[in-house]
Amino acid sequence: MLCLFKQNEVHLANTELCDIMREEKSDKSTGHNYTTVYNYLFDPLRHSEIKLLEVGLGTNNIDVPSNMGANGTPKASVRGWRRYFKNGIIHGADVDKRILIDEETENGKIYTHHIDQLDLDVITKFKKSFNMGFKFDIIIDDGLHTAKANINLFEYLNDMVKIGGFYIIEDLNKDVYKEVLDYVVKYNDVFDIDHITIPHANKHDNRMVILRKQKDFLSFENKLSIHYLETLPSDNEYNKYFEFNEYKINHNKKKIISMSLFNNDVNQNENENIPRENNNF
């Protein structure tokens, strides 16, 4: 993905995106020079109706880990993306609920959400706030800069990237960089994976890991669901979800009954039910 970028010293060229992010007071073009990479990757998508999510809006409340300091500008980057992708849909998320206010700008709306990268229940709740099957073209992790936070978010959100879409992790120091790379490499049959340390005055964390999705990861249950859902005439996703779960339970019961021929300890619960209320899909 970044072969020509690395060979041709593209990081030295100022771009319109560099100017936009600088004007919005985003550190993507000051404390870092990520805008040179982003313009290289995203220029072909510039006028498309893309869906972008950036996690880490940049709180200036200093009681929050990875804050920007009291003089920082929250939402600077998503405002920049709002200007760059004029036809796109821009979402931002942060752990600090105090800055989560949707914005109407002259270029369009910015939607905000709550995500705590260390709380898997919160990440799951965020996912369920979208329609089942919703996909982003671009997800950028500029949130809590620890390996655990980066890995949690990727593990739980990578299935929300569309095929051909990007998942990008910013601001990696040397230790986190190695740990994150060692982790994401197990997805190399699903994503093209690239990484770069960009020449810059900031030698501490001016690193990015960039993944581009080539296909969806199919677990056994996902393969089962695709096979079954394709047989249903209805396009109603809510009903499909419950019909599939009923199908899956019956399928698993058959497996359990089969296994019980060899193992008397296998638990066969014939009274499993699907809860049909309090589900947000």
Side-chain angles (χ1 to χ4, degrees), residues 1-24 26-48 50 52-56 58 66 76-78 80-81 83-85 88 136-147 149-151 153-155 157-158 161-215 217:
M1 284 181 286
L2 296 179
C3 182
L4 293 177
F5 182 92
K6 294 172 182 176
Q7 289 176 1
N8 298 328
E9 296 189 319
V10 181
H11 68 278
L12 296 175
N14 191 65
T15 71
E16 184 182 354
L17 181 58
C18 298
D19 294 336
I20 288 172
M21 288 297 187
R22 193 177 300 114
E23 289 165 11
E24 295 295 342
S26 167
D27 70 351
K28 283 179 172 33
S29 61
T30 53
H32 305 278
N33 51 353
Y34 299 149
T35 43
T36 58
V37 177
Y38 284 137
N39 190 73
Y40 175 83
L41 293 173
F42 298 159
D43 186 63
L45 305 174
R46 180 92 189 264
H47 302 291
S48 302
I50 63 98
L52 178 145
L53 168 68
E54 177 152 358
V55 177
S66 288
S77 295
V78 286
W81 293 127
R83 290 173 59 185
Y84 186 75
F85 293 112
F136 289 102
D137 297 85
I138 300 165
I139 296 179
I140 299 170
D141 178 358
D142 186 20
L144 181 60
H145 304 312
T146 69
N150 295 148
I151 289 169
L153 195 69
F154 175 75
E155 185 71 43
L157 289 193
N158 79 80
V161 179
K162 69 184 293 185
I163 293 173
F166 294 91
Y167 191 104
I168 300 173
I169 307 171
E170 295 183 356
D171 296 357
L172 302 164
N173 66 39
K174 286 183 179 179
D175 292 337
V176 174
Y177 190 50
K178 182 179 185 308
E179 192 170 343
V180 168
L181 274 177
D182 287 347
Y183 182 82
V184 300
V185 73
K186 73 178 186 177
Y187 287 86
N188 63 5
D189 61 334
V190 177
F191 288 88
D192 282 343
I193 302 172
D194 208 339
H195 54 94
I196 187 169
T197 302
I198 315 169
H200 190 267
N202 174 4
K203 300 186 183 305
H204 171 63
D205 63 355
N206 202 51
R207 300 176 184 83
M208 310 169 76
V209 171
I210 299 166
L211 304 99
R212 189 165 196 182
K213 196 168 209 176
Q214 299 304 308
K215 61 182 181 180
F217 174 75

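Only this structure's heavy atoms are used, side chains among them; waters, hydrogens and symmetry mates stay out.
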Shortest non-hydrogen contact between [X] and [Y], atoms and distance:
X      : Y      : answer
Leu41  : Pro44  : O-CD, 3.6 Å
Asp205 : Tyr34  : O-OH, 3.1 Å
Val176 : Asn150 : CG1-OD1, 3.5 Å
Asp137 : Ile50  : OD1-CA, 3.4 Å
Phe136 : Leu52  : CD2-C, 3.9 Å
Phe191 : Leu211 : CD2-CB, 3.5 Å

Taking [X] for the side chain and [Y] for the main chain, is one N or O donor matched with an acceptor at less than 3.5 Å?
X      : Y      : answer
His47  : Leu45  : no
His200 : Thr30  : yes
Asn8   : Leu4   : yes
Lys213 : Val161 : yes
Tyr40  : His11  : no
Lys162 : Ile138 : no
Asn206 : His32  : no

Looking at Lys174, I'd like to know if its NZ atom is crowded, meaning that more than 12 non-hydrogen atoms belonging to other residues, nucleotides or ligands lie closer than 6.0 Å.
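Counting neighbours around NZ of Lys174, 12 or fewer heavy atoms of other residues, nucleotides or ligands fall under 6.0 Å, so no.
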Quick one: [atom1] on [X] to [atom2] on [Y], what's the gap to the nearest 0.5 Å?
X      : Y      : atom1 : atom2 : value
Lys203 : Ile198 : NZ    : CD1   : 12.5 Å
Asn33  : Met21  : CG    : CE    : 13.5 Å
Ile210 : His195 : CD1   : NE2   : 10.0 Å
Tyr38  : Thr36  : OH    : OG1   : 10.5 Å
Ile151 : Thr146 : CD1   : OG1   : 8.5 Å
Asn173 : Lys178 : CG    : NZ    : 13.0 Å

Under 4.5 Å between any side-chain heavy atoms of Tyr84 and Asp43, yes or no?
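Result yes, sub-4.5 Å side-chain heavy-atom pair found.
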Would you say the side chain of Leu53 lies within less than 4.5 Å of the side chain of Ile140, judging by non-hydrogen atoms?
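The answer is no, as the side chains (C-beta and beyond) never meet within the 4.5 Å cut-off.
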Electrostatic pair [X]-[Y], nearest N-O below 4.0 angstrom:
X      : Y      : value
Lys28  : Glu54  : yes
Arg212 : Asp194 : no
Glu23  : Arg83  : yes

If we check side-chain contact (heavy atoms from CB on, under 4.5 Å) with Met208, which of these qualifies: Val37, Ile169, Leu172, Asp141?
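Per the side-chain contact (heavy atoms from CB on, under 4.5 Å) rule, the option paired with Met208 is Val37, out of Val37, Ile169, Leu172, Asp141.
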Distance to the ring centre below 6.0 angstrom and angle to the axis at most 45 degrees; does that hold for Arg46 and Phe85?
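Cation-pi check for Arg46 and Phe85: fails.
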Taking atom types as modelled and ignoring hydrogens, do the side chains of Glu16 and Asn39 form a donor-acceptor contact shorter than 3.5 angstrom?
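Looking only at side-chain atoms, Asn39 and Glu16 do not form any donor-acceptor pair under 3.5 Å.
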Between Phe154 and Tyr167, what is the ring plane arrangement, given parallel below 30°, perpendicular above 60°, and tilted in between?
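Ring orientation of Phe154 relative to Tyr167: perpendicular.
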Using the rule given for side-chain contact (heavy atoms from CB on, under 4.5 Å), can you reason through Ile139 versus Ile168, listing the C-alpha separation, both sets of side-chain angles and the distance that settles it, and then say yes or no?
CA-CA 6 Å; Ile139 296 179; Ile168 300 173; over 6 Å; no
Stepwise, does the side-chain contact (heavy atoms from CB on, under 4.5 Å) test hold for Leu17 with Ser29?
CA-CA 8 Å; Leu17 181 58; Ser29 61; over 6 Å; no
Please test Asp192 against Met1 for side-chain contact (heavy atoms from CB on, under 4.5 Å), starting from the C-alpha separation and ending with a verdict.
CA-CA 8 Å; Asp192 282 343; Met1 284 181 286; 4.2 Å; yes
